[in-house]
Amino acid sequence: MSIKFICSCGKHLRARDEMAARRSMCPRCGAPVGIPSLRPTHPGTPAAPLTPQERIRLNRNKPSVETASGAALALREKSTLGTLTGPRSPDDEPSPTPKVRRRRQLEQHWYQCLAYPLLSRNVLVCFALILSVGMGGIVLTIQNFPSFSPTTLSNWFPWVSSLVFVVMIAAYAYSTVECALTSALEGKGAASYLPSWSAADPLKSGMRWLFCFFAGPIVPVGLVVYFWLYGGDLTAIDWAIMTELGIVAAGYWFLVVICANLRNRLRDANPRCVVQLVQHLKYRAIVPILIAPTLALAHVLFGLFTLSLLHEHMFAGWLLLTGCLCSALFWSAFLFRLLGVWCYYTKP
Amino acid sequence: MKGPHWSWYLLIALVALAPAGIRLMTWPGFKRQAPEPQMVQAGQTLFVHEWKANDPLASGDGLGPVYNAASCVACHNQGGPGGGGDLTHNVTTFVYQSDAEAAIRRNPREGVVHAFAVNNFPRETLNHLHSDLPAVSQPRLDTVITLPGRTVSSNHCAVVRPVVQISQRNTPALFGANLIDSIPDRVIIANEKAQRLRWGFAPKKSEDLPVGRALRLADGRVGHFGWKAQSASLADFVQAACANELGLGNPGQTQPRPLSKPYYQPVSYDLTLEQCDQITAFVASLPRPVEKLEKSSLCSDALAGRELFKSIGCADCHTPNVGNVEGLYSDLLLHDMGQPLEGGGSYNDIPPLPNPNKPPSDPNDPPSPGEWRTPPLWGVADSAPYLHDGRAPTLEKAIELHGGQGTRAARNFASLSKTEQGQVIVFLQTFRAP
């Protein structure tokens with residue numbers, strides 16, 4: 001015999017009889033629910049005052065506006081925009097407003113992480129569109145760039161400003177994707193997280209990303225570029241070597257970015273932490289070491305191909321480029337989320 | 001948690017980078033060896049030697065039977081043996097493809113109309129190619145093309161286009177040839193890649209962007225020498241020059257069959273490979289051109305000119321340095337220079353393409369009529385006249401005539417003020433023969 005009742009978020013719940021009149025947590029919205037003692041005829045009630053442990057557990061699962069203020073990234077959860085108006089004291093009861101309905105728990109299975117990029121699909125597609133227009137525009141008009149000299153500096157203004165614009169958008173897109181990681185590391189359930197709109201946060205995470213690039217991947221990437229440029233007509237062996245280097249670069253970059261985000265410390269971007277991370281992840285490390293880099297490489301190659309296609313078939317090239325960017329943002333958000341969730345669960 | 005010993009990190013890094021490192025070591029480097037002095041000595045004798053029919057230095061029929069000049073130095077002489085040559089020594093090339101041949105897509109015949117023939121041998125004339133052409137062996141340039149700036153054309157050869165296309169080649173200087181020879185193929189291909197990248201992943205064949213292509217020959221090597229980059233090495237070019245200019249057949253290149261007597265058979269090769277190598281050694285020993293900043297008053301102009309040269313886009317094709325060869329001012333790539341500069345023809349019938357049904361835009365095709373290798377500008381002040389057939393008597397004219405992929409730079413040059421144009425010219429005039 002089980003007790004049937006309904007959580008304030010609308011979820012139909014069931015509990016064993018022995019649980020009657022006790023408190024539990026709703027698996028969908030994470031809010032505490034009181035289990036009715038009688039046969040249920042009314043929705044589950046908000047619980048009585050929380051124990052200290054419960055409060056901590058709860059704080060992990062809710063969009064922590066107040067805790068994030070100290071963190072590097074002020075994460076905002078779209079669905080709780082309404083609660084943003086003022087910081088709440090941790091003693092506040094979670095008010096089960098309808099807006100919280102979309103709040104979920106941290107993913108339990110890897111495939112659940114696929115939902116993460118879907119939740120922010122609108123934002124990601126927007127970024128992909130703006131980026132593809134910007135990148136395509138630069139590639140197509142680069143021939144009109146005046147060659148650089150101090151006397152023609154004023155001619156450079158439109159080009160530099162459009163370049164800065166594209167870089168800024170790229171930084172926003174990246175830090176949006178990075179939110180998948182940081183939110184998971186903080187144990188927050190899936191939702192559409194956005195970086196704050198001030199330029200500082202995206203710039204910060206963009207700089208962190210660049211820093212991680214210089215902390216290792218620059219060596220294999222530099223080698224690949226040198227190889228491509230000076231290798232003459234490349235043979236299959238050359239391509240194999242370049243693929244290997246590309247995978248090493250992308251894999252290490254990915255790991256190092258996660259390391260730097262784990263405790264939000266740049267100095268963690270070192271081989272030692274990377275090895276520790278791999279040891280923690282155990283067999284799952286195959287994802288950042290092999291699967292993610294392979295995906296990344298495929299996207300880079302395809303992206304370059306679409307850029308060269310732009311000159312001859314502008315529309316097709318642009319469409320494919322947008323698709324490539326969408327897919328890249330989708331997969332990186334997914335992978336960041338996945339890795340973040342795993343790190344959260346295996347945190348020492 | 002205690003991490004692994006530091007040597008493990010080193011090991012992993014080494015393993016990751018090892019394949020690339022090993023491959024890098026197999027890359028061909030710059031092969032630059034100084035030619036041996038005895039070879040140079042012997043080569044010099046051959047280079048300046050006035051060849052005759054049945055010459056004692058040659059083992060076959062000697063000079064000819066058809067030839068363009070009696071010695072290398074007759075053409076290559078401006079500023080000393082090995083220099084450029086004037087219009088009177090231009091070489092006349094042809095492309096012939098009858099309508100019937102074109103219909104079955106047979107490759108056109110190509111070759112040289114030689115200026116002279118040995119005694120009692122009929123000279124080759126344009127008339128051998130087409131009955132509408134005059135019976136001249138050494139057509140003046142203005143009868144082959146319409147010279148720039150002329151309104152009344154004295155061009156006799158336009159009537160037979162496109163069946164027969166006649167064009168000429170001016171003699172370039174050979175100074176510094178050894179340095180060009182030492183540039184590995186991959187460095188020239190790097191220029192090709194860099195140009196595509198520079199212009200935003202531009203397609204391989206562009207009409208107006210300065211995106212050139214390296215010419216891959218049938219054997220996979222990349223062309224270094226010749227107006228069409230048709231030769232991959234100095235030795236190859238010298239062998240071809242011996243056969244085509246002087247009629248001295250050698251194991252590297254048989255002598256051309258006269259148009260006037262197509263079934264003439266030479267008794268044997270005229271030169272041995274060793275003799276060719278000696279000539280190559282001599283050409284390789286020629287010093288590289290120099291940059292001379294003479295009067296100090298011009299010095300600042302030249303420096304300003306150098307900046308302008310870069311900023312108006314000349315350096316896109318005339319790249320100052322290629323690999324570790326400095327001051328070459330060429331990317332050694334083929335560029336499409338537009339219709340007015342077109343001129344087809346190679347010195348020998350090219351071997352048929354492996355697949356005649358290849359699309360005509362294949363990037364590895366033989367050079368199209370409009371494509372020319374960027375000539376190195378070192379020594380340019382001492383190698384007038386300019387452009388492939390010497391149609392430009394001055395540097396200004398040469399720049400003005402840049403079309404196709406060079407249009408943009410030429411237009412930039414034209415939009416400079418008179419003093420600025422002067423500065424660019426002064427800069428170019430610092431490039432002297434050694």
Side-chain angles (χ1 to χ4, degrees), chain A residues 135-152 216 219-220 222-235 237-238 240-245 247-249 251-252 270-276 279-280 303-313 317 348, chain B residues 1-4 6 8-10 12-13 15-24 26-28 184-194 196-206 208-211 214 216 220-222 304 307-316 323 364 408-409 412:
Chain A
M135 286 164 71
I138 286 184
V139 160
L140 285 179
T141 57
I142 199 167
Q143 44 181 286
N144 302 325
F145 281 38
S147 53
F148 188 79
S149 80
T151 48
T152 58
V219 176
L223 255 174
V224 167
V225 172
Y226 184 80
F227 226 85
W228 173 79
L229 192 58
Y230 287 105
D233 288 321
L234 299 169
T235 61
I237 296 182
D238 292 324
I241 290 175
M242 282 163 60
T243 311
E244 184 254 345
L245 287 175
I247 287 186
V248 168
Y252 190 75
N270 61 46
R272 218 192 148 78
C273 290
V274 166
V275 169
Q276 281 175 1
Q279 284 172 343
H280 271 303
L304 292 178
F305 163 75
T306 59
L307 284 179
S308 61
L309 199 68
L310 275 177
H311 291 270
E312 281 150 271
H313 310 281
Chain B
M1 189 188 307
K2 202 178 165 302
W6 60 267
W8 279 104
Y9 297 109
L10 203 67
I12 293 175
V15 168
L17 301 181
I22 294 170
R23 182 83 178 106
L24 280 182
T26 67
W27 278 2
D185 291 356
R186 56 182 185 83
V187 174
I188 300 180
I189 294 176
N191 278 337
E192 178 189 72
K193 293 178 182 171
R196 290 193 61 200
L197 203 61
R198 159 75 180 82
W199 298 99
F201 308 94
K204 276 196 180 160
K205 279 199 171 178
S206 173
D208 54 347
L209 297 178
V211 178
R216 280 98 172 156
R221 293 182 300 163
V222 170
E307 285 311 310
L308 286 169
F309 185 82
K310 281 189 195 136
S311 65
I312 63 177
C314 305
D316 290 340
N364 294 332
R408 164 199 296 271
N412 286 346

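Order of the sequence lines fixes the chain letters, A, B, ..., with proteins taken first and strands second; residue numbering starts at 1 for each chain.
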>> For B:Arg23, give me all partners under salt bridge (Lys or Arg N to Asp or Glu O under 4.0 Å), at least two apart in sequence or on another chain.
In response: A:Asp238

> Looking at residues at least two apart in the chain, or sitting in another chain, which of them share a salt bridge (Lys or Arg N to Asp or Glu O under 4.0 Å) with B:Asp208?
Replying inline: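 B:Asp208: no salt bridge (Lys or Arg N to Asp or Glu O under 4.0 Å) contacts found.
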
> Closest approach of A:Leu229 and B:Ala194, non-hydrogen atoms and distance?
Replying inline: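 Heavy-atom minimum between the residues: CD1-N, 4.0 Å.
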
> Nearest heavy-atom pair of B:Val15 and A:Glu244: which atoms, and what distance?
Replying inline: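 Looking at all heavy atoms of both residues, the shortest contact is O-OE2, 4.4 Å.
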
Side chain, backbone, both or neither: which part of [X] has an atom under 4.5 Å from a heavy atom of chain B?
| X | result |
| --- | --- |
| A:Leu307 | both |
| A:Thr306 | neither |
| A:Val219 | side chain |

> chain A: which of B:Trp199, B:Phe201, B:Trp8 shares the most heavy-atom pairs with it under 4.5 Å?
Replying inline: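 Of the candidates given, the most pairs with chain A belong to B:Phe201.
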
>> Below 4.5 Å, heavy-atom pairs only: which of B:Ala16, B:Ala13, B:Gly323 has the largest tally toward chain A?
In response: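 Most heavy-atom pairs within the cutoff with chain A belong to B:Ala16.
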
> With respect to chain B, which residue among A:Leu304, A:Ile237, A:Asp233 yields the maximal number of heavy-atom pairs within a distance under 4.5 Å?
Replying inline: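 Of A:Leu304, A:Ile237, A:Asp233, A:Asp233 has the most heavy-atom pairs under 4.5 Å with chain B.
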
>> For chain B, which candidate among A:Glu312, A:Met242, A:His311 shows the most heavy-atom pairs at distances under 4.5 Å?
In response: A:His311

>> Once rounded to the nearest 0.5 Å, what's the spacing between atom CG of A:Leu223 and atom CG of B:Leu24?
In response: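 Atom-to-atom, A:Leu223:CG and B:Leu24:CG are 6.5 Å apart.
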
> CD1/B:Ile12 to OH/A:Tyr252 distance, rounded to the nearest 0.5 angstrom?
Replying inline: 10.0 Å

>> Heavy-atom cut-off 4.5 Å, strictly under: side chain, backbone, both or neither for B:Trp27 against chain A?
In response: side chain

> Can you say whether B:Ile188 sits under 4.5 Å from chain A via the side chain, the backbone, both, or neither, judging by heavy atoms?
Replying inline: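 Neither part.
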
>> Please evaluate residues A:Arg272 and B:Tyr9 with respect to the criterion side chain to side chain contact (heavy atoms under 4.5 Å, CB included), reporting the C-alpha separation (whole Å), side-chain torsions for both, the decisive distance (0.1 Å), and the verdict.
In response: CA-CA 9 Å; A:Arg272 218 192 148 78; B:Tyr9 297 109; 3.5 Å; yes

